[in-house]
Amino acid sequence: MEGNNFTDEELSSDMEFDLDPCFINTKYECLRPTPLKPKYNQCLVELLEVIEHARELNGEERNALSYRHAIAALKAYPRNIESYAEARKIIGIGPKIGNHIKEFLTTGTIPEAEEINASEKYQTLDIFSRVYGVGYKTARKWYQKGYKSIRECMKDPYLTHVQRLGLELFDDFQKKMSRQDIQEILDILNKVIKTMYPDCMITPVGGYRRGKEFSGDLDVVVSHPQETVANNLLKDIVEILINKGHLKHKLFYGQPSAKNKKDVPSELISSHKNIMDNLDKCFCAFIQPSTRICRQVDLIIAPYSQYPTTVLGWTGSKQFERSIRNFAKKEKKMTFASHGLFLNVVPRRRVCVTSEKDVFDILGIPWVEPEMRNC
DNA sequence: AGGCAATACG
DNA sequence: CGTA
DNA sequence: GCCT
């Protein structure tokens, strides 16, 4: 070190190697805002997302998760990454992904991502996995059987009921909804549901609430101040939507059957009587009047007391949800789920919340607008 | 070396 | 177990 | 694949 009379200033003023001070460098994505459309690192993020998706299709979930962490950080980063050293300082970017970034900085692309994009196999797996009811296992099975198109998959003799529906509705479900399309459906839901239950609360969640310009589906959380009324909510709503000709199919219909069976060491879980607090939901194919296109609409019913956590839990993004759950468990000895916030002490205790912000406050997470939860 | 979100349905 |  |  002798002879090197660098001042602190000089040592740390290599902007190239310093993280932007505005960036919140954390492994918990929920602790910082992540915009839907970042101003920086867009191209890099797109390429890394290609690799991430390929890992998922390959069944390498943990590997894919690592890419997701890195991508989330880059989306939140307030300027373009300019060096390998800079990238490596970001929590979540290790040697492998760091090398991809180095390649990108010198060549303008990532070879592995280019190979994946050019691969017929991945193009096909990608299509198959977009079918409702089909994950990477089924997609790969179909690919191995030699299927090349959705049409060929429809001839498969082992389709589940849901997969058959997913294939039949594939073309419609592929069509993205504009915010106006979604508003049209929301207007109908509001009118139909409030005519029957004037006090019903109806909140659109999912990507729409996060500000997405186009959505593949619409998620809606419905609740009612009177728990007794809320009991038949889903059944009544689905029934009336069918009667009015809006619903074409039920893709998934789960009810809160009072079966809290299993080894339950009993009474625990909640201090209240809400053990049968399964959320009920109906994923359905909804015919949009103006276009006659079948839209995937997910109706989620929440007991009034769980309304805030359900809205938070269904707003996403997927990574934001994983992050907030992870943070709650690791840093606060709590469990967060759509059906509530719990303190993991001896008798596991439900923590009452009256708003979405309550959850952030209790967990000690700075408020993040829905539009900034796009990690 | 262990963990990576959580949970219900078919 | 596979999917959402 | 990355963090602890």
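Note: hydrogens, waters and symmetry copies are ignored here, and every other heavy atom, side chains too, is used.
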To the nearest Å, give me how far apart [atom1] ([X]) and [atom2] ([N]) are.
| X | N | atom1 | atom2 | result |
| --- | --- | --- | --- | --- |
| A:Leu341 | B:dA6 | CG | C1' | 14 Å |
| A:Asn344 | B:dA5 | CG | P | 16 Å |
| A:Leu299 | C:dA4 | CG | C1' | 15 Å |
| A:Glu29 | B:dC4 | CD | P | 14 Å |
| A:Leu57 | C:dG2 | CG | P | 15 Å |
| A:Glu56 | B:dA5 | CD | C1' | 14 Å |
| A:Phe342 | B:dA5 | CZ | P | 18 Å |
| A:Asp298 | C:dT3 | CG | C1' | 13 Å |

Ring-face cation of A:Arg373 near A:Phe320 (centre distance under 6.0 Å, axis angle within 45°):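 Output yes; distance and angle both within limits.
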Ring-face cation of A:Arg32 near A:Trp367 (centre distance under 6.0 Å, axis angle within 45°): no
Salt bridge (Lys or Arg N to Asp or Glu O under 4.0 Å) partners for A:Glu103, two or more places apart: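 If we apply the salt bridge (Lys or Arg N to Asp or Glu O under 4.0 Å) test to A:Glu103, skipping adjacent residues, there are no hits.
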Sole candidate of A:Arg68, A:Lys318, A:Arg62 that passes salt bridge (charged side-chain N to carboxylate O under 4.0 Å, His left out) when paired with A:Glu52: A:Arg68
A:Glu115/A:Asn117 under side chain to side chain donor-acceptor pair (under 3.5 Å): CA gap, chis, key distance, verdict: CA-CA 5 Å; A:Glu115 288 167 28; A:Asn117 271 334; over 6 Å; no
Under 3.5 Å: donor-acceptor pair, side chain of A:Thr34, backbone of A:Ala76: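 Side chain of A:Thr34 to backbone of A:Ala76, a donor-acceptor pair under 3.5 Å: no, none is there.
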Donor-acceptor pair, side chain of A:Ser215 and main chain of A:Leu218, under 3.5 angstrom: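 No: the side chain of A:Ser215 does not pair with the backbone of A:Leu218.
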Shared-cluster residues of A:Ile127, by chain and number - hydrophobic side chains joined below 4.5 Å: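 A:Phe128, A:Val131, A:Val134, A:Trp142, A:Tyr147, A:Ile150, A:Met154, A:Leu159, A:Leu167, A:Phe170, all in the cluster of A:Ile127.
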Remaining members of the apolar cluster that contains A:Tyr158, side-chain heavy atoms under 4.5 Å: none
Within residues 315-332 of chain A, residues whose heavy atoms come under 4.0 Å of DNA chain B: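 Within residues 315-332 of chain A, the residues near DNA chain B are A:Lys318, A:Arg322, A:Arg325, A:Asn326, A:Lys329, A:Lys330.
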For DNA chain B, the residues among residues 58-72 of chain A that have a non-hydrogen atom under 4.0 Å from it: A:Arg62, A:Leu65
A:Phe342 and A:His339 aromatic centres sub-6.0 Å: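 So the answer is yes for these two rings.
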Proximity to DNA chain D (any heavy atom under 4.0 Å), residues of residues 134-159 of chain A only: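 Under 4.0 Å from DNA chain D: no residue of residues 134-159 of chain A.
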Residue pair A:Leu186 / A:Tyr208, side-chain heavy-atom distance below 4.5 Å: yes
Among D:dT4, D:dG1, C:dA4, the one nearest A:Phe283 by side-chain distance: C:dA4
Between D:dT4 and B:dA5 - P atom distance, rounded Å: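 One P to the other, the span is 15 Å.
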